Number of protein chains: 2
Amino acid sequence: LCLCWALGPAAASAPPNILLLLMDDMGWGDLGVFGEPSKETPNLDQMASEGMLFLDFYTANPLCSPSRAALLTGRLPVRNGFYTTNAHARNAYTPQDIVGGIPDSELLLPELLKKAGYTNKIIGKWHLGHRPQFHPMKHGFDEWFGSPNCHFGPFDNRALPNIPVYRDWEMIGRYYEDFKIDLKTGEANLTQIYLQEALDFISKQQASQQPFFLYWAIDATHAPVYASKHFLGTSQRGLYGDAVREIDDSIGKILKHLQKLGISENTFVFFTSDNGAALISAPKQGGSNGRFLCGKQTTFEGGMREPAIAWWPGHIPAGGVSHQLGNVMDLFTTSLSLAGLQPPGDRQIDGIDLLPAILQGKLIDRPIFYYRGNEMMAVRVGLYKAHYWTWSNSWEEYSKGVDFCPGQNVSGVTTHTQEEHTTLPLLFHLGRDPGEKYPLSFASDEYQRAMEQISVVVQQHKATMVPGEPQLNVCDKAVMNWSPPGCEKLGKCLKQPKSDPKKCIWPH
Amino acid sequence: LCLCWALGPAAASAPPNILLLLMDDMGWGDLGVFGEPSKETPNLDQMASEGMLFLDFYTANPLCSPSRAALLTGRLPVRNGFYTTNAHARNAYTPQDIVGGIPDSELLLPELLKKAGYTNKIIGKWHLGHRPQFHPMKHGFDEWFGSPNCHFGPFDNRALPNIPVYRDWEMIGRYYEDFKIDLKTGEANLTQIYLQEALDFISKQQASQQPFFLYWAIDATHAPVYASKHFLGTSQRGLYGDAVREIDDSIGKILKHLQKLGISENTFVFFTSDNGAALISAPKQGGSNGRFLCGKQTTFEGGMREPAIAWWPGHIPAGGVSHQLGNVMDLFTTSLSLAGLQPPGDRQIDGIDLLPAILQGKLIDRPIFYYRGNEMMAVRVGLYKAHYWTWSNSWEEYSKGVDFCPGQNVSGVTTHTQEEHTTLPLLFHLGRDPGEKYPLSFASDEYQRAMEQISVVVQQHKATMVPGEPQLNVCDKAVMNWSPPGCEKLGKCLKQPKSDPKKCIWPH
């Protein structure tokens, strides 16, 4: 294989292709290389051994939509509008009745890459708004195969329409009608379809000699979890593991395809996930955050630390391990850097260029902010993490069985009331205590020293913060996917109810 | 390196050297290759990539002494006498006032290997009794450097003597007097001494052309945790991580030494630990069991699943991963097999020969029994684990701050009263639920099917169980290390108090 790569086209002048493999609700602990005890991800483990493993990589938000908006804009959700002010410190996303979506004023990665001659495709879940003005092809993508929302359902097409699947501008069917997911067996062949879409697009682009940006945002590990027949029952981990195995196999095929086409040395590949594993759905429909605390929806490590691997043979040294604090927003700035572009100068960009970390093993000093809605719940500076607010979820939700920290209970930390610690933050050393179980003593010198440093970072952050217009406040049944473009051709247009805009309810 | 090995002596006829690297209180999650987020064990990670990683390897008991007695006899502690009947389901070990130790009737691995011409050395902690009749050189070892007990202290030499350090038959000093451990800084150079002992012994044996069995039972990761000056402050994980880094570095040096001497292809090396990480001492003095439940002292996975790596270049395929259910007792039988010997036929041996799993990738069907004292608390058959008794520790101990499951709480599972489930065992699927959080429904078909299979295994086990005479029932201050052999030469003999034998108190 080494020989193959060495003989591939060098293309020193042309910018590299960019391939982002974004998982849905996959946790830090779901890969063999991150210690999953079944160790069933040979292709991802190999990707890591050929590339660079990031151990301290984060999402910008513990929920899908804001995380994805952050990735594509390089900006915190509180800046790009992907948050709510309906209640304090709430996670919000883009269900079918959401009125908002990605504002036109935001500059998305594909819009910018176009200027450098890239062809941009999104395969899979968009989640930045499903109304016409939010369509991914209005925001820089040239092609789309996938869905604007989660693959929830089936719905009755009266109270709720089934979710549409798009090819480019128009819908080509709906989940559970034309794109089947068998909720009983967990069978669906969607990952195979997404894989084929990726292979075809890569082949087409390679033939056209144009650089590409492929955003492969698949969703088999998001409840309802699914796998195709060939993979069902193959994992020790049950259905969730079957889904992971199919994804692992697919990623192996994509990387081999790049190698076979001789473009692996000219394709920067990055693998990560949108937020922590959904422990509410575990074990059958949810993954693992390893030894980290809690999961999706929370600002503990389990909610926001992500598996991450960079792969670019001939450029990234094999077997690298990085403790660079990284964030999905960095994929925006790093991709621009790869394309020879500067990030927009007219707005605050939170993502940094990771290339010095990836190519030269540098460690860039930068904080990680953990938000819920427009509240900065916590911040990480170096190995220290300070919680200014703690909350898992409300007693009311918890008493209904909604548990974001099953089997875990750290007194005063995994609180079911919103606890403010802004005057005396809870401080953890994530090296000695990655599980956030042992807050440092307020009286210790270490606490004083660390908080002095952290306070400066937080003050600076807050002083310069200009929140964007919140997009996730208003819900309306009328905006659901009743009649997406293309529905007429399929005879799948549904009757839209009368508009009745309301404040969305965000319980978490 | 590949060339080096290929040019090394083949020695097809001579039995291979056997090197057991036994860690003390190191947990499954403490190595990079098992997902420790700091990933600070490059040598052990490389050992795994050159050898075979065992993901489902267990100890025979969640406490040091019984685990070590099981390893060296190939027999469950309940058979070899390393248990107590003073109270129900209690862990017991060999503190200074223990009267018992390894019975002469037990056949130890080094005794048997002698017959095949092996020279046997133990470096580090013995823990099978410290009275003269239990001396390791009375049980098959030819050389010893180390201690009979844990390195607790310092003591005042009145109520308690400081623990002696032996070279062969005689003590050459005591901890905190001649072998310093600085409890304030955590500094001690013991791992360096143990390393040098290993390198010297290996060199000597290589020169003498005699096969060796080296049992390297070091203890830097057991509280009080220590590291030598060069390693202090080098880990993200604090002092515990410093100790792990020094051990990792030492093991790297030992493996390189074998390669340099050209005997790596003729030396079978196995790395594992005696029990789960001591979470009561975490984070400063205790390690990590990854995502497994609880730790040392318990029969949950965190207490008994161990990191394990087999390494034997030219014999074990590089990068192997095994789900073979293994146990420290297998190291007895496997070592005999390597030496061309049969296990004793006059007694029940619980260890199995792992060579088919290691060399041919076979999966051998066998259960794992989880004992506390003479009570079988749980059993694993395939991916199912049935708990017949659950107990973390008593409310009384827990209220004093002794917590074997910090930050973890699984209702009805991590119980603080001894809960009997013998008529309806709690059943977990460790593939889907390695963290033992979601007991299977008693009414499910899966429960019925699995329990039918497990019940047969348990009935068979219990029907043929003949417990040995319990060795860990009686304690007496008179038997402490007051005047070990050699104390006269050093002027370090202490006055022995009057004999006053009592039932030992085992609270856990």
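Convention: sequence-line order gives letters A, B, ...; per-chain numbering from 1. Note that the coordinates shown come from a computational prediction; the quantities given were computed from them, not determined experimentally. All heavy atoms count here, side chains included; hydrogens, waters and symmetry mates do not.
Distance OG/B:S38 to CG/A:L383: 7.0 Å, rounded to 0.5 Å. Atoms CD and CG, on A:Q236 and B:D56 in that order, are 6.5 Å from each other to the nearest 0.5 Å.
With a threshold of 4.5 angstrom between heavy atoms, A:Y438 approaches chain B through side-chain atoms but not through N, CA, C or O. Looking at B:L31, there are no atoms closer than 4.5 Å to chain A (heavy atoms on both sides), in backbone or side chain. The parts of A:P37 that come within reach of chain B are both its backbone and its side chain, each placing non-hydrogen atoms under 4.5 angstrom from that chain.
Highest contact tally toward chain A, considering only B:A282, B:G32, B:P434, is held by B:A282 [criterion: heavy-atom pairs under 4.5 Å]. Your options are A:Q408, A:K437, A:H323, and the one with the most heavy-atom pairs under 4.5 Å with chain B is A:H323. Highest contact tally toward chain B, considering only A:G435, A:S288, A:G29, is held by A:S288 [criterion: heavy-atom pairs under 4.5 Å]. Per-residue counts of heavy-atom pairs under 4.5 Å with chain A were compared for B:K39, B:E36, B:E40, B:R237; the largest is that of B:R237.
Residues that satisfy the salt bridge (charged side-chain N to carboxylate O under 4.0 Å, His left out) test with B:E436, not counting sequence neighbours, are B:K385.
Heavy atoms from other residues, nucleotides or ligands lying under 6.0 Å from OH of A:Y398 number 12 at most.
Within residues 291-300 of chain A, the residues having any heavy atom less than 4.5 Å from a heavy atom of chain B are, in residue-number order, A:R291, A:F292.
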